[in-house]
Amino acid sequence: MSEKNLATAVDKRRTFAIISHPDAGKTTITEQLLLFGGVVREAGTVKARKSGNFAKSDWMEIEQKRGISVTSSVMQFDYQGKRINILDTPGHEDFSEDTYRTLMAVDSAVMVIDSAKGIEPQTKKLFQICKMRGIPIFTFMNKLDRDGRDPLDLIAELEDVLGIEGYPMNWPIGMGKELKGLYDRYHQRVALFRKDDQGRRYLPLNDDGDLAEPNALEQDDWYTDARENMAMIEEAGNPFDADKIASGDQTPVFFGSALANFGVQTFLETYLEYAPKPAVHHTANDGDVAPTDEDFSGFVFKIQANMNPHHRDRIAFVRICSGEFERGMDVMQTRTGKKLRLSNVTEFMADTRENVETAVAGDIIGLYDTGNFQIGDAIYTGKHAVEFEKLPQFTPELFVRVSTKNVMKQKSFHKGIEQLVQEGAVQLYTAYSTGDYILGAVGQLQFEVFQFRMKNEYNSDVIMEPMGKKTARWINPDQLDERMSSSRNLLVKDRQGEPLFLFENQFAERWFKDKYPDVELTAKL
């Protein structure tokens, strides 16, 4: 691909993550976006379990059964001349690490907020990661078809709690059973609400913000209220600032209902006007990689086993940072220094996959992997090795001993542990004295998912003995004496063979430091 053609292709890419607190409607809005992209014929909802019609982005069986997202999904589609890569992230806080890593692979974020609940704890945490990275944030106030909070309060909460300017692109006319439509200040029109999107109508506004043609809606109190609020915001609110949006200091706010598919298309079309194209990526050695660089580069931000249970596959998700991918190309792996041929590569179109012949910076591709890749691995072509910034990794707080119920199935037990641990949701440790397997995680749900997947994907029933909360601290091997271990500070090894102690509590850690003042303990290697 020529330099000009590469630049043109990169300019068409829009890659974003959808973030929210659990049950704010994140997966449902993803469904509607896929519907507009033409990659699904009807949007299933996580509520419709009896019909067997599950969310296309919730591919894992446990997600379908529980109606939650516990793993990041990647979906791609074309819309209005743009190639869109959506990463639907887990809302549950126990899977924050997966979400945080995913946010390193996107150029913008869509924040979905339940209009009845406002900003919830997990939304705030994820927003702070986006803010730290300085990526643009677009806000969708969801569930307008239910009674919710006053829109002015929701906008004020954005600014007070998150510290970001809110610019309402539209305004609800009524709410819940009284929902009449949306006053769309940006497009100078009123969208009338219908329970289905067939026959949806738009009423144009004149330059003064009034209805351009006489309509009975003018006599409606809800319309009058929305019109007055818009006039007040025009007068005293934040001015629209594209530069602030690009730097993550102002968020365009859209109201709507993902479940009723109301306001979603308007959101998508406006998002594409202001969402950034792929940007420069910083490297660990203070260099920059530009998306239009001739040499190919990318990094693995996620590994997922058994996306297709029938084939027992393992996919390494790669964000392309520069250049062009071509099927069958050879790349270098920075961590190992090995040359790899990328011949079996896929992209994701909702619940289907297609082989990739070419892809460019901004795209997400899936590499079929036999164990070559780890999360954070960089791959590249060219003379100079590329190593990107380290992806976030959390120190576990909860621990369990894990063993197999059936000693005759040791092979599937070990295979399951090896592959699921490589995904990064749980960490594996081995007790120094007994060799017992110990799993560490940030939250309890990760253990439940692990147990479920071991049984359903590897046919291995496991026993998990809770150890409770522990404080993990690594120790320099040169300073280690195995006699330092006790019932209050269990000595274990991590997957790399590095020693660490699992302290029972802070008192036990302080006691250890008092007894061994010259020994250096670290929270993470």
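Position 1 is the first residue of the sequence; numbering continues from there. Quantities reported herein were computed from a predicted structural model and do not represent experimental measurements. Keep in mind that the numbers below use all heavy atoms, side chains included, and drop hydrogens, waters and symmetry copies.
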Exercise: do Asp145 and Ser257 side chains pair donor with acceptor under 3.5 Å: yes
CD (Gln128) with more than 12 external heavy atoms under 6.0 Å: yes
Aromatic Phe301 / basic Arg319 pairing, under 6.0 angstrom, 45° off normal: no
From Ser247 atom OG to Ile135 atom CD1, the distance as rounded to the nearest 0.5 Å: 12.0 Å
Aromatic plane relationship, Phe299 with Phe388 - under 30° parallel, 30 to 60° tilted, over 60° perpendicular: tilted
Carboxylate-amine/guanidinium proximity below 4.0 Å for Asp249 and Lys131: yes
Main-chain N/O of Leu6 paired with Glu324 side-chain donor or acceptor, under 3.5 Å: no
Parallel, tilted or perpendicular: rings of Phe399 and Tyr429 (30°, 60°): tilted
Residue Glu3 excluded, over 12 heavy atoms near CD under 6.0 Å: no
Within-4.5 Å side-chain heavy-atom neighbours: Asn238 and Glu159: yes
Point-to-point distance, once rounded to the nearest 0.5 Å, from OG1 of Thr283 to CG of Asp288: 6.5 Å
Electrostatic pair Arg13:Asp363 at N-O distance under 4.0 angstrom: yes
Charged tip of Arg185 within 45° of Tyr167 ring normal and under 6.0 Å: yes
Candidates Phe140, Phe138, Phe36, Tyr186 - the one meeting ring pair (Phe, Tyr, Trp, His ring centres under 6.0 Å) with Phe267: Phe140
Flag for Gln427-Asp494: side-chain donor and acceptor within less than 3.5 Å: no
Pair Glu387-Tyr380, side-chain donor/acceptor within less than 3.5 Å: no
Nearest-0.5 Å distance that lies between atom CD in Gln496 and atom CH2 in Trp474: 9.5 Å
Phe16-Tyr271 aromatic ring centre distance below 6.0 Å: yes
Crowding at NE2, His384 (>12 non-hydrogen neighbours, <6.0 Å): no
Atom pair CD/OG1 of Gln76 and Thr15 - distance to nearest 0.5 Å: 8.0 Å
